[in-house]
Amino acid sequence: MKTSFAVLLLAAPAALSLAACSQETEQNAATTAERAAADAEENAEVIGNELREGAIVAADELSEGAAELSNDLAEADAADNDPGDGELDGTD
């Protein structure tokens with residue numbers, strides 16, 4: 001009987017230590033998850049800003065290209081000495 005009591009006395013602190021460790025581990029996991037969520041939110045915001053800036057640059061480039069094409073077509077039309085009869089019948 002004294003042996004089992006001695007084992008109980010030795011095992012009790014270990015069991016309490018494991019319970020405290022488990023609670024601390026659980027808290028650490030929760031903190032880690034919260035930080036990961038915050039990091040993901042910040043990364044999503046940065047990516048959104050980068051996409052927005054890229055779309056602005058692309059739209060500007062597209063506008064410039066469209067303006068250049070319009071000018072080129074207008075110049076080519078002005079340089080055309082034989083505009084034809086305006087009919088799409090293959091006689092021009």
Side-chain angles (χ1 to χ4, degrees):
M1 176 114 167
K2 288 185 177 192
T3 305
S4 61
F5 184 70
V7 170
L8 181 61
L9 286 177
L10 292 174
L16 290 174
S17 175
L18 285 176
C21 181
S22 177
Q23 189 175 20
E24 184 179 336
T25 301
E26 188 175 318
Q27 181 60 40
N28 288 343
T31 301
T32 301
E34 289 170 5
R35 289 179 182 166
D39 286 347
E41 186 176 347
E42 289 175 17
N43 290 339
E45 186 175 334
V46 169
I47 290 169
N49 290 339
E50 292 293 325
L51 287 173
R52 193 175 304 105
E53 289 175 15
I56 290 169
V57 169
D60 289 345
E61 294 289 329
L62 184 62
S63 293
E64 288 176 19
E68 288 177 15
L69 178 60
S70 178
N71 290 339
D72 291 348
L73 291 174
E75 288 174 9
D77 193 36
D80 190 5
N81 294 332
D82 183 19
D85 60 6
E87 299 294 322
L88 297 176
D89 56 7
T91 60
D92 293 336

How many angstroms lie between atom CG of Asn28 and atom CD of Gln23, to the nearest 0.5 angstrom?
11.0 Å
Rounded to the nearest 0.5 Å, how far apart are OG of Ser63 and CD of Glu68?
11.0 Å
What pairs of residues pass the side-chain hydrogen bond (donor to acceptor under 3.5 Å, both in side chains) test when at least one of them lies in residues 32-49, not counting sequence neighbours?
Asn49-Arg52
